Amino acid sequence: MTAASWTSIDPAAADIRLVVCDMDGTLLTTAGHFPEGFDEVRELVRARGVTFVPASGRQLATLEHMFPGLQGGSFVAENGNIVVHNGEVISTTSVDRDTVTRVVDTVRGAEGFDLGLVYCGVDGAYIERTDDAFLAEASKYYAKLDVVDDLKHVDDPALKLAIFDFTSSQAVADALLGDLAKSLQVVVSSANWVDIMVPGVHKGLGVRALQEALGVTAAQTAVFGDYLNDLDMISTGDWSFAMANAHPDVLAEANYVAPSNDEFGVVQVLTYLLSR
């Protein structure tokens, strides 16, 4: 399928009630900043009675910190492993202890790779590696981050396990995680991060849970994404947008192409659709 340009849409035909937006590579610029005009578009969304939901691989605490105006609102965090509606957790999914042990051992024993592992729990995130370079990367995405001696002994359900590689997450998935992928879901979520989760869990499930809670249909949902962990989410909205900088698979799945994240694509499209 070839995605159409966002400018081909007749705004009068778009009865949008829910906007679901990925963060990195989608809403945020490459430098990690909110786009120009975002405060104004948030006011426009609110004035139109539309629900805005961040959907990310990021930690719930991080998203709440980034969106203080959404306290008591809705979030899809940890790639769908925790979903919040009106400030209440409505869904969590966690991997078992054997999986934690396998992943920790895999990362510790990986030769020729420069890896860091984040244990993504319900109450916070945990790491063993403490050098400045890895701490800087992990701190971008995890507002509640604790250093522990042994990740195998963390007493907090693991929503997912996130591996960071300074070179290529795809190379890590291909070379090290093949056996894990036979029984678990291995998702390359960015150029440097790969997530290990329970099979069948993804952002799309979280969005569908929120659609049901809100009484909103796919025809009333706009979705924005850019990377492979957005694929299942893209299919939840008829108004599905791949950013111009998106992975080719996401561009093939979406109905429309939005300007890139560095062109403030989410702001441009929402302003166009909702300012009618």
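Everything numeric in this text was worked out from a predicted model, so none of it was measured.
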Exercise for the section: Determine yes or no for a side-chain-to-main-chain donor-acceptor pair under 3.5 angstrom, with Thr26 supplying the side chain and Met23 the backbone. Expected result: no
Exercise for the section: For the residue pair Leu159 and Thr93, establish whether any side-chain heavy-atom pair is separated by less than 4.5 Å. Expected result: no
Handout entry: Distance-minimising heavy-atom pair for Asp195 and Ala162
Key = OD1-CB, 3.4 Å
Exercise for the section: Look at the side chain of Lys203 and the backbone N and O of Ala77, then say whether any donor-acceptor pair between them is shorter than 3.5 Å. Expected result: no
Exercise for the section: Just say parallel, tilted or perpendicular for the rings of Trp193 and Tyr141, cut-offs at 30° and 60°. Expected result: perpendicular
Exercise for the section: Treat each ILVMFWY residue as a node, draw an edge where side-chain heavy atoms are under 4.5 Å apart, and state whether Val186 and Val107 are in one component. Expected result: yes
Handout entry: Backbone of Ser5 reached by a side-chain donor or acceptor of Ser8 within 3.5 Å
Key = yes
Problem - Note: Lys140-Asp24 ion pair, threshold 4.0 Å (strictly below) - result: no
Handout entry: Contact check, side chains of Leu44 and Leu270, non-hydrogen atoms, under 4.5 Å
Key = no
Handout entry: Partner set under salt bridge (charged side-chain N to carboxylate O under 4.0 Å, His left out) for Asp114, not counting sequence neighbours
Key = Arg129
Exercise for the section: Say whether, by atom type as modelled, one donor and one acceptor occur between the side chain of Glu64 and the main chain of Leu70 under 3.5 angstrom. Expected result: no
Practice task
Work out which heavy atom in Ala138 is nearest to a heavy atom in Leu145; give both atom names and the distance.
Solution key: CB-CD2, 3.9 Å
Handout entry: Donor-acceptor under 3.5 Å (Asn245 side chain, Asn261 main chain)
Key = yes
Handout entry: Step-by-step side chain to side chain donor-acceptor pair (under 3.5 Å) determination, Glu253 to Ser240
Key = CA-CA 9 Å; Glu253 181 69 22; Ser240 57; over 6 Å; no
Practice task
Carefully, step by step, assess Asp150 and Arg108 under the rule salt bridge (charged side-chain N to carboxylate O under 4.0 Å, His left out).
Solution key: CA-CA 11 Å; Asp150 191 340; Arg108 288 176 180 172; 2.9 Å; yes
Exercise for the section: Please confirm whether the backbone N or O of Ser260 pairs with a side-chain atom of Glu263, one donor and one acceptor, at under 3.5 Å? Expected result: yes
Problem - Connected via hydrophobic side-chain network under 4.5 Å: Leu18 and Leu273 - result: no
Exercise for the section: Could you note down all residue pairs passing ring pair (Phe, Tyr, Trp, His ring centres under 6.0 Å) where residues 90-124 supplies at least one of them, sequence neighbours left out? Expected result: Tyr119-Tyr126
Handout entry: Asp230 side chain vs Met233 backbone, donor-acceptor pair below 3.5 Å
Key = no
Exercise for the section: Please assess Asp179 against Lys182 for the test salt bridge (charged side-chain N to carboxylate O under 4.0 Å, His left out), listing each intermediate value before the final yes or no. Expected result: CA-CA 5 Å; Asp179 285 342; Lys182 294 175 182 177; 3.3 Å; yes
Practice task
Test Ser56 against Leu63 for side-chain contact (heavy atoms from CB on, under 4.5 Å), laying out the working first.
Solution key: CA-CA 8 Å; Ser56 176; Leu63 294 178; 4.0 Å; yes
Exercise for the section: Heavy atoms only: give me the nearest Ile90-Ala209 pair and the separation to one decimal. Expected result: CD1-CB, 4.2 Å
Practice task
For the pair Phe166 and Phe164, name the ring-plane relationship: parallel under 30°, tilted 30 to 60°, perpendicular over 60°.
Solution key: perpendicular
Practice task
Locate the shortest heavy-atom distance separating Ala55 from Val20; write the atom from each residue and the value.
Solution key: CB-CG1, 3.6 Å
Exercise for the section: Would you sort out whether Val104 and Leu117 count as a side-chain contact (heavy atoms from CB on, under 4.5 Å), showing the intermediate values? Expected result: CA-CA 8 Å; Val104 171; Leu117 176 62; 3.7 Å; yes
Problem - Straight-line distance of Glu128 CD to Leu151 CG, nearest 0.5 Å - result: 3.5 Å
Practice task
Work out which heavy atom in Pro259 is nearest to a heavy atom in Val269; give both atom names and the distance.
Solution key: CD-CG2, 3.9 Å
Practice task
With the side chain counted from C-beta on, respond yes when Val53 and Val19 share a heavy-atom pair under 4.5 Å apart, and no when they do not.
Solution key: no
Exercise for the section: Decide whether Val223 and Leu251 are clustered together by the hydrophobic rule: side chain heavy atoms of Ile, Leu, Val, Met, Phe, Trp, Tyr closer than 4.5 Å, transitively. Expected result: no
Handout entry: From CG (Leu180) to OG1 (Thr99), nearest 0.5 Å
Key = 7.5 Å
Fill in the blank from the handout: Value for CG (Leu115) from OG (Ser169), rounded to nearest 0.5 Å, stands at 10.5 Å
Handout entry: 4.5 Å side-chain heavy-atom contact, Ile127 and Tyr142
Key = no
Handout entry: Shared hydrophobic cluster, Leu231 / Ile196 (ILVMFWY, side-chain heavy atoms < 4.5 Å)
Key = yes
Completion exercise
Nearest heavy-atom contact between Ala246 and Gly225 is CB-O, 4.3 Å
Practice task
Flag this pair as yes if the NZ/CZ of Arg46 is under 6.0 angstrom from the six-membered ring centre of Phe52 and inside a 45 degree cone about the axis; otherwise no.
Solution key: no
Exercise for the section: Treating Ile, Leu, Val, Met, Phe, Trp and Tyr as nodes and any side-chain heavy-atom pair under 4.5 angstrom as an edge, say whether Ile16 and Leu27 lie in one connected cluster. Expected result: yes
Problem - Output field: ring centroids Phe241/Trp6 closer than 6.0 Å - result: no
Handout entry: Whether over 12 other heavy atoms sit under 6.0 Å from Asp149 CG
Key = no
Problem - Sidechain-backbone polar pair: His202 side chain, Leu205 backbone, donor-acceptor under 3.5 Å - result: yes
Handout entry: Lys152 and Asp105, any side-chain heavy atoms less than 4.5 Å apart
Key = yes
Practice task
Tell me, with the steps shown, if Leu210 and Val83 meet side-chain contact (heavy atoms from CB on, under 4.5 Å).
Solution key: CA-CA 8 Å; Leu210 289 175; Val83 182; 4.0 Å; yes
Handout entry: Side chain proximity check, Val201 to Asn79, heavy atoms < 4.5 angstrom
Key = no
Exercise for the section: Would you please test Thr221 and Gln211 for side-chain contact (heavy atoms from CB on, under 4.5 Å) and show each step? Expected result: CA-CA 8 Å; Thr221 303; Gln211 286 172 324; 2.9 Å; yes
Exercise for the section: Hey, could you give me the NE2/CZ distance between His33 and Phe264, rounded to the nearest 0.5 Å? Expected result: 10.5 Å
Exercise for the section: May I ask you to decide if Met197's main-chain N or O and Gln185's side chain share a donor-acceptor pair within less than 3.5 Å? Expected result: no
Exercise for the section: Would you confirm whether Lys144, through its side chain, and Asp123, through its main-chain N or O, come within 3.5 Å as a donor-acceptor pair? Expected result: yes
Practice task
Using a 4.5 Å cut-off on heavy atoms from C-beta on, say whether the side chain of Leu161 contacts that of Val118.
Solution key: no
Problem - Asp238 CG to Gln220 CD distance, which is reported to the nearest 0.5 Å - result: 9.5 Å
Practice task
Report yes if some heavy atom in the side chain of Asp165 is under 4.5 Å from a heavy atom in the side chain of Val194; otherwise report no.
Solution key: no
Handout entry: Gap between atom CD of Glu78 and atom OG1 of Thr62 - 0.5 Å precision
Key = 8.0 Å
